[in-house]
Asks: 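Supplied in structure tokens, the structure appears directly below.
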Amino acid sequence: DSRWDELPIENRKSKIENPLVLDYLTQLRGHSLLFAEESSTSLRFGMLESLREFAAEHLNPQERKEIERCHAAYFHQWVMEKPTDGQGQTVRFMRFEEDLDNLRTVLAWSMLEGNEIEIGLMTAARLTAFWDLRGRISEGRRWFDSLLERAGEAQTVGLSRALFGAGVLASLQGDFQAALARIERC
């Protein structure tokens, strides 16, 4: 189940421009309409499933499409931020793990007709090392297979990066024939 209504907050002052937002979130939490989860990297607010379903029923198709697009754009931009190494990468991968449902939602969204497949290709390519180091190589390969099938043949930066990532994951599983086919295509 996707959790696109969650709000990850790394740096509250830079992410929330209106200082009343936290007051509103606190009030909603006080009335049991939202819940808050604190982790080592963020404070996350989530909406109760029944409330989320009720709200979704009251969105018109255009509003739903815009919310889903904004969600995808936010998480794509976040994943595409400058990569880090060492301790920074550990923290980053912890956040990827915490937001895995959101990241999966972005990948699935990008494959829907009329949406931006390039967002999915670039997001998946950026997740290659995460999938490897977190023991999720098979999942990563499945996402790459689905994305590449939807992407078609038009050469883009995202396609090239996704082909490379797919090749890396295939080689890590000893599937050298598939790895070579992906790498040769990028």
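By convention here, the first residue in the shown sequence is residue 1. Hydrogens, waters and symmetry mates are skipped; everything else that's a heavy atom, side chains included, is used.
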Asks: Rounded to the nearest 0.5 Å, what separates atom CD in E98 from atom CZ in R44?
Replies: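 Interatomic distance, E98 CD to R44 CZ, rounded to 0.5 Å: 6.0 Å.
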
Asks: Walk me through it: do L33 and Q27 pass the test side-chain contact (heavy atoms from CB on, under 4.5 Å)?
Replies: CA-CA 9 Å; L33 297 172; Q27 289 175 16; over 6 Å; no

Asks: Between I137 and F176, is there a shared hydrophobic cluster once you connect ILVMFWY residues whose side-chain heavy atoms come closer than 4.5 Å?
Replies: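 I137 does not cluster with F176.
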
Asks: A124 and L147: which non-hydrogen atoms are nearest, and at how many Å?
Replies: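 Closest heavy-atom pair between A124 and L147: CB-CD1, 3.5 Å.
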
Asks: On the 0 to 90° scale, with breaks at 30° and 60°, tag the F54-H58 ring pair as parallel, tilted or perpendicular.
Replies: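 Answer is tilted, since the angle falls between 30° and 60°.
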
Asks: Decide side-chain contact (heavy atoms from CB on, under 4.5 Å) for W131 and V168; before the verdict, give the C-alpha distance in whole Å, the side-chain angles of both, and the deciding distance to 0.1 Å.
Replies: CA-CA 11 Å; W131 282 324; V168 167; over 6 Å; no

Asks: Which atom pair, heavy atoms only, marks the closest approach of R64 to A56?
Replies: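 Of all heavy-atom pairs spanning R64 and A56, the closest is NH2-CB, 3.0 Å.
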
Asks: So which atom in M122 and which in G158 form the shortest heavy-atom distance, rounded to 0.1 Å?
Replies: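 Taking every non-hydrogen atom into account, SD-CA, 3.3 Å.
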
Asks: Mind running side-chain contact (heavy atoms from CB on, under 4.5 Å) on F164 and T128 for me, showing each step along the way?
Replies: CA-CA 9 Å; F164 184 80; T128 302; over 6 Å; no

Asks: Mind checking whether W143 and T123 have side chains closer than 4.5 Å, heavy atoms only?
Replies: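 With C-beta onward as the side chain, the pair stays apart.
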
Asks: Following the transitive rule for hydrophobic clusters with a side-chain heavy-atom cut-off under 4.5 Å over Ile, Leu, Val, Met, Phe, Trp and Tyr, establish whether L34 and L22 coincide in one cluster.
Replies: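 Same cluster.
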
Asks: Checking E68 against K65 for the salt bridge (charged side-chain N to carboxylate O under 4.0 Å, His left out) test, could you report, in this order, the C-alpha distance in whole Å, the side-chain angles of both residues, the deciding distance, and whether it holds?
Replies: CA-CA 5 Å; E68 290 170 349; K65 187 173 182 168; over 6 Å; no

Asks: Say whether, by atom type as modelled, one donor and one acceptor occur between the side chain of D99 and the main chain of N102 under 3.5 angstrom.
Replies: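 No.
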
Asks: Once you round to the nearest 0.5 Å, how far does CD of E38 lie from CZ of F45?
Replies: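 Answer for the CD-CZ pair, E38 versus F45, is 9.0 Å.
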
Asks: Nearest 0.5 Å please: distance from the CE atom of M94 over to the CZ atom of R134.
Replies: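 These two atoms lie 7.5 Å from each other.
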
Asks: Do the charged groups of E153 and R185 touch, with an N to O distance under 4.0 Å?
Replies: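 Salt bridge between E153 and R185, a charged N being under 4.0 Å from a carboxylate O: yes.
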
Asks: Report yes or no: does R150 contribute a side-chain atom to a donor-acceptor pair with the main-chain N or O of M111 at less than 3.5 Å?
Replies: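 Yes; judged by distance alone, with no hydrogens or angles, the pair exists.
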
Asks: Working to the nearest 0.5 Å, report the span between CG of L169 and CZ of R136.
Replies: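 If we round to the nearest 0.5 Å, L169:CG and R136:CZ are 13.0 Å apart.
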
Asks: Counting only heavy atoms not in D23, do more than 12 fall under 6.0 Å of its CG?
Replies: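 Above 12, so yes.
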
Asks: Can you see which heavy atom on A162 is nearest to which on A125, and at what distance?
Replies: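 Of all heavy-atom pairs spanning A162 and A125, the closest is N-CB, 4.0 Å.
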
Asks: What about L133 and F96, same hydrophobic cluster or not, with Ile/Leu/Val/Met/Phe/Trp/Tyr joined at side-chain heavy-atom distances under 4.5 Å?
Replies: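 Yes.
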
Asks: For D101, is there an ion pair with R104 - N to carboxylate O distance below 4.0 angstrom?
Replies: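 Salt bridge between R104 and D101, a charged N being under 4.0 Å from a carboxylate O: yes.
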
Asks: Can a donor-acceptor pair be found, under 3.5 Å and without considering hydrogens, that links the side chain of R92 to the backbone of D85?
Replies: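 Between the backbone of D85 and the side chain of R92 there is no qualifying donor-acceptor contact (under 3.5 Å).
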
Asks: Could you check whether R69 pairs with E66 (Lys NZ or Arg NE/NH1/NH2 to Asp/Glu carboxylate O, under 4.0 Å)?
Replies: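 So R69 pairs with E66 through a salt bridge.
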
Asks: Give the minimum heavy-atom separation between G120 and S110, together with the two atoms involved.
Replies: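 In this case the closest contact between G120 and S110 is CA-OG, 3.2 Å.
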
Asks: What distance separates W109 CH2 from I119 CD1, expressed to the nearest 0.5 Å?
Replies: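 Going from CH2 on W109 over to CD1 on I119, the span is 4.5 Å.
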
Asks: Testing the basics here: between E49 and R52, what is the closest heavy-atom pair and its distance to 0.1 Å?
Replies: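 It is OE1-NH2, 2.8 Å.
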
Asks: Does E97 have more than 12 heavy atoms from other residues, nucleotides or ligands lying within 6.0 Å of its CD?
Replies: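 Yes, CD of E97 has more than 12 neighbouring heavy atoms, counting only those of other groups under 6.0 Å.
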
Asks: Same cluster or not: L112 versus I117, using hydrophobic residues (I, L, V, M, F, W, Y) connected whenever any side-chain heavy atoms lie under 4.5 Å apart?
Replies: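 L112 does not cluster with I117.
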
Asks: Any chance you could measure L28, atom CG, to L25, atom CG, to the nearest 0.5 Å?
Replies: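 That separation rounds to 6.5 Å.
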
Asks: Test side-chain contact (heavy atoms from CB on, under 4.5 Å) on R161 and L121; report intermediate values, then the result.
Replies: CA-CA 7 Å; R161 289 181 182 175; L121 294 168; over 6 Å; no

